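Order of listing sets the numbers, starting from 1, for every ligand and every atom in it. In this text the structure is predicted, and so the values were computed from the model without any measurement.
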Amino acid sequence: MKFFPEKCKIEDQRMKSFIDPEELWDYINNTQATKERVREIIAKALNKERLTLAETAVLINASDPELIEEIKQGARTLKEKVYGNRIVLFAPLYIGNKCTNNCKYCGFRVSNKDAIRQTLDDQQIVKEVEALEDNGQKRLILVYGEHPDYSPEYIAHTVKTVYGVRKGNGEIRRVNINAAPLDIDGFRIVKESGIGTYQVFQETYHPEAYAKYHLGGKKKDFDWRLTSLDRAQEAGVDDVGIGALFGLYDWRYEVLALVRHTNHFEACYNVGPHTISFPRIQSASDIDVDPKYLVSDEDFVKLVAILRLAVPYTGMILTARESVQVRREVLQFGVSQIDGGTKLELGSYSDTKNEEQNLNREQFVINDNRSLAEIIDELIDTEYLPSFCTACYRLGRTGEHFMEFSVPGFIKRYCTPNAILTLAEYLVDYASEDTAKKAWIVINKNIENMEDEKIRNSIKEKVEKIKSGTRDLYY
Ligand code: SAM
Ligand code: SF4
């Protein structure tokens with residue numbers, strides 16, 4: 001059995017492949033999920049210790065329904081312990097769907113002649129962002145195909161355009177990116193525009209499966225993509241998001257590979273990924289996906305719970321690809337960010353004529369079509385605390401999200417108060433009377449639950465300021 005060192009601050013591992021399929025399969029094939037071992041590992045995770053690959057493999061191998069229930073319960077407890085009841089909200093904004101790659105699972109693939117290609121111009125971007133601001137959004141992720149038109153300079157330009165849009169009390173305070181891998185200079189250029197997270201999903205960490213699904217264009221190169229976020233780190237983008245597209249290869253392998261990727265960052269840069277995404281393949285225009293590895297709802301819930309336990313400090317993103325029911329369920333097991341009011345068709349936030357999805361204009365089907373207002377209303381009903389917080393990144397508290405996890409009291413001091421303040425702004429500026437009424441009760445309850453009197457009083461003071469017109473208050 002070949003092992004990569006899991007924690008080895010060796011600089012020469014930077015920008016090198018860290019994936020050895022044989023190693024990952026060895027872990028999966030040679031660990032046993034006995035009751036004692038599974039319970040020991042859940043207890044370790046609840047003690048907020050990072051799990052090793054071998055320990056993660058034990059959880060992956062658990063098949064006894066009683067143990068799976070304990071894994072889910074463990075993830076739920078850990079989420080409550082580490083993150084509390086906050087859920088951060090965002091929306092995707094597709095900027096352009098031209099693409100030179102040929103990913104067999106994507107409606108934007110170059111070989112899809114039915115795809116209607118479009119790139120938003122500045123005016124259209126402004127209109128879209130105004131519409132998003134009118135809904136109360138504060139955090140966006142901009143999405144692009146891979147195309148010579150979408151150069152680092154162009155991406156930076158679109159980011160600045162988005163930040164420049166102000167409508168009423170609306171503004172976008174954090175712009176994240178999901179785009180093709182760049183070289184180091186490219187990442188530098190994009191960083192200077194003031195981005196939050198740069199996401200690149202590996203899609204599958206299995207080189208053979210990767211080759212089967214990526215037929216053309218620059219994305220064919222597995223290693224160029226695998227090392228992309230190393231180049232981001234070298235360029236000073238220390239806030240990166242990783243992900244796997246579940247359904248291309250065995251989910252057990254992909255979960256372990258995501259943990260391996262996390263170990264690589266910790267070893268080389270002393271910081272883990274800011275977020276992990278776990279999209280499941282959805283149907284789309286002209287795609288060609290082998291159903292063999294599609295992930296069932298049951299396995300999906302299990303894999304999210306395992307990821308939560310294995311990498312407790314990392315944000316976990318669940319998107320509107322998933323149905324309302326699945327989102328409701330999975331939310332409990334460790335998700336910290338969801339999108340709301342999502343639309344994928346270019347230009348469709350401002351042009352609301354077509355309610356139905358037109359798959360020749362969109363990347364894939366979404367299964368949660370609810371508006372941001374509806375999602376917030378449901379979160380409130382279930383006593384979650386919707387948050388639009390952007391404070392850490394704006395105060396330079398980036399790349400150190402270990403803090404949330406390891407600095408005692410961090411969440412009580414910063415995250416919960418900021419969630420309350422951003423929700424208060426939303427209630428005053430955008431919410432219906434009915435939602436606002438319920439949400440103020442949740443806010444007051446959360447304030448009263450804070451142990452520290454000084455913090456309690458300070459939040460109350462700031463909430464009063466928001467009610468009388470001050471905006472953008474944060475800790
Ligand atoms: N072109 C950029 C790239 O490839 O990195 C941006 C990617 S794409 C616009 C965002 C992500 O959507 C992809 O990385 C992939 O994981 C996911 N995706 C693509 N096709 C999908 C499908 N049919 N169902 C669900 N997710 C899909
Ligand atoms: Fe292009 Fe990205 Fe779609 Fe692949 S996943 S075809 S690179 S937009």
Ring centers of [X], [Y] separated by less than 6.0 Å:
X	Y	value
Tyr205	Tyr253	no
Phe222	His206	no
Phe187	Tyr198	yes

Per-atom contacts of ligand 1 with [X], taking only distances under 4.0 Å to non-hydrogen atoms:
X	result
Arg280	25 (C)
Phe364	21 (C), 22 (C), 23 (N), 24 (N), 25 (C), 26 (N), 27 (C)
Cys106	20 (N)
Tyr144	1 (N), 2 (C), 6 (C)
Val143	9 (C)

Subject >> atom 4 (Fe) of ligand 2 - nearest protein heavy atom and its distance >> reply: Cys103 SG, 2.3 Å
Subject >> Shortest reach to atom 14 (O) of ligand 1 by a heavy atom, considering only Lys219, Arg321, Glu203 >> reply: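 The option holding the nearest heavy atom is Glu203.
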[X] contact mode with ligand 1 (heavy-atom cut-off under 4.0 Å):
X	result
Phe108	neither
Arg109	neither
Tyr105	both
Ala179	backbone

Subject >> Contact flag Cys106/atom 3 (Fe) of ligand 2, N/O/S atoms, threshold under 2.8 Å >> reply: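 Within the cut-off used here (under 2.8 Å), Cys106 does place an N, O or S atom near atom 3 (Fe) of ligand 2.
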**OP:** Return the minimal non-hydrogen interatomic distance between Ile60 and Lys302, and the atom names on each side.
**Re:** O-NZ, 3.1 Å
**OP:** Decide, counting backbone as well as side-chain atoms, whether His214 has an N, O or S atom less than 2.8 Å from atom 4 (Fe) of ligand 2.
**Re:** no
Original post:
Any salt bridge between Lys104 and Asp288, counting N to O under 4.0 Å?
Top reply: yes
